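In what follows, chains carry the letters A, B, and so on, assigned in the order in which the sequence lines appear, proteins first and then strands, with residues in each chain numbered from 1. Values in this document were obtained by computation on a predicted structure and should not be read as measured data.
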Protein chains: 2
Amino acid sequence: MKESYKELSALLANTGIRTSYQRIRVLEYLMSHLCHPTADQIYCSLHDRMPALSKSTVYNTLNSFIEAGLVKVVAIENNESRYDIRVKAHGHFKCEACGAIYDFGADIDNIEVKDLDGFQISDKHLYFKGICPRCLDNG
Amino acid sequence: MKESYKELSALLANTGIRTSYQRIRVLEYLMSHLCHPTADQIYCSLHDRMPALSKSTVYNTLNSFIEAGLVKVVAIENNESRYDIRVKAHGHFKCEACGAIYDFGADIDNIEVKDLDGFQISDKHLYFKGICPRCLDNG
DNA sequence: GTTCCTGCAAAAGCTTTGCAGAAGA
DNA sequence: TCTTCTGCAAAGCTTTTGCAGGAAC
């Protein structure tokens, strides 16, 4: 998971996104943190090594990644956007005690649905909530 | 779907919520508008007949309904909470062209999942996005 | 050289909170 | 009577936007 600047730059070029130092760092962060960070977490972490980085750049960058299909938004909660660069379809579980978000395997593309004849589906999300094993043990 | 004040009041009492005129009207609105309204839509609609109604009351009321399990939040988008009083599990489809949210049938409780041994699951949501038939025709 | 991006500040939008007066039990 | 709710205003948060200087192509 340690891609070089050149590789990441090529990845961006493939999706039609111009290279910039900030974008490379955000991309790098997402690829090494698959834990669905918030924009603020990304900003705070990168800010240590890039004091000039601004939060709007983080948002702009994330939005261009989303538009390019590189990143998906995890909208499991309304007041916080979380960003996920993994491509394979999977579900998200949010622990209501500790707030952590876990991935879980689910064959989302083959869920049997009714009432959607004639709909063009572009995006599928499966969200579960509850308590994770760690919190169950500690509770 | 035209419940009386008395019936709605009893419904609230069953869930441990005190009766008030405002709460009855919000509940009534939710029961007659299964289209997943936003807090603002509820507020604007009720405000015509209740000029003194405030938005914080709508939010407070919705939050007490949620806590009581009467209402679920549809978090398909991050910047807007939508409220749904229907109990039976179903999926939500959001049209990215017109913004409408449709219900669709899906056996959410029987989706096959991996990696969740030991997790206590209390809530399941299935969200699809795309273009609805009406917008496909008009586009 | 042109176009697009960054960073700053300010603004926008949704939701929550504090408090005094009012209504419910 | 005592508790809880309402409405107003203000604040809190996350996210977006406008603009001037700067970087990418």
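- Between Tyr102(A) and Phe119(B), the gap from one ring centroid to the other is short of 6.0 Å.
- Residues Asn78(B) and Arg23(B) both approach DNA chain D. Their nearest nucleotides, taken by heavy-atom distance, put Arg23(B) toward the 5′ side.
- Close to dT3(D), at under 4.0 Å from its OP1 or OP2, lies no side-chain N or O of Arg18(B).
- Residue Thr19(B) is in sugar-phosphate contact alone, with no base atom involved, counting any heavy-atom pair closer than 4.0 Å across all strands shown.
- Both Asn63(B) and Val58(A) lie near DNA chain C, and the one whose nearest nucleotide falls closer to the 5' end is Val58(A).
- The backbone N or O of Leu53(B) lies less than 3.5 Å from no partner atom in the side chain of Thr57(B), so there is not a single donor-acceptor pair.
- At whole-Å resolution of the value, CG in Asn79(A) and P in dA12(C) are 22 Å apart.
- Distances shorter than 4.0 Å separate none of the side-chain N or O atoms of Asn60(A) from OP1 or OP2 on dT6(C).
- A salt bridge does not link Lys94(B) to Asp123(A): none of the charged nitrogens lies less than 4.0 Å from a carboxylate oxygen.
- Atom P of nucleotide dC4(C) and atom OH of Tyr21(A) are separated by 25 Å, given to the nearest angstrom.
- Between His36(B) and His92(B), the angle of the ring planes goes over 60°, which puts this pair in the perpendicular group of the 30/60° scheme.
- With hydrogens and angles left out, the side chain of Thr57(A) and the base of dC5(C) share no donor-acceptor pair within 3.5 Å.
- With hydrogens and angles ignored, the 3.5 Å screen pairs no side-chain donor or acceptor of Tyr43(A) with any backbone N or O of Ser54(A).
- Picking from dC5(D), dC8(D), dG7(C) the nucleotide with the shortest atom distance to the side chain of Ser54(A) gives dG7(C).
- Rounded to an integer number of Å, the gap from Leu46(A) CG to dG7(C) P is 11 Å.
- Rounding to whole angstrom units, CZ of residue Arg25(B) and P of dT6(D) are separated by 14 Å.
- A straight line from CZ of Phe65(B) to C1' of dC5(D) spans 13 Å, rounded to a whole angstrom.
- Remark: P of dC5(D) and NZ of Lys55(B) are 22 Å apart, rounded to the nearest angstrom.
- OP1 and OP2 of dC8(D) both lie 4.0 Å or more from every side-chain N or O belonging to Ser56(B).
- Look at Tyr59(A) and you'll find a side-chain N or O under 4.0 angstrom from OP1 or OP2 of dT15(D).
- Within the structure, a side-chain polar atom (N or O) of Gln22(A) is placed less than 4.0 Å from OP1 or OP2 of dG7(C).
- For Ile66(A) and dT16(D), the CD1 to C1' distance is 13 Å, given to the nearest whole Å.
- Residue-level contact check: Ser20(B) touches the backbone only, with heavy atoms under 4.0 Å from sugar-phosphate atoms and none from bases.
- The base of dC5(C) has none of its N or O atoms less than 3.5 Å from a complementary donor or acceptor on the side chain of Thr61(A).
- Under 3.5 Å, the side chains of Asn63(B) and Asn60(B) contain no donor-acceptor pair of N or O atoms.
- The interatomic distance linking Glu67(A) (CD) with dT16(D) (P) rounds to 12 Å, in whole Å.
- Comparing Thr38(B) and Ser9(B) by the nucleotide of DNA chain C whose heavy atom lies nearest to each, the residue mapping closer to the 5' end is Thr38(B).
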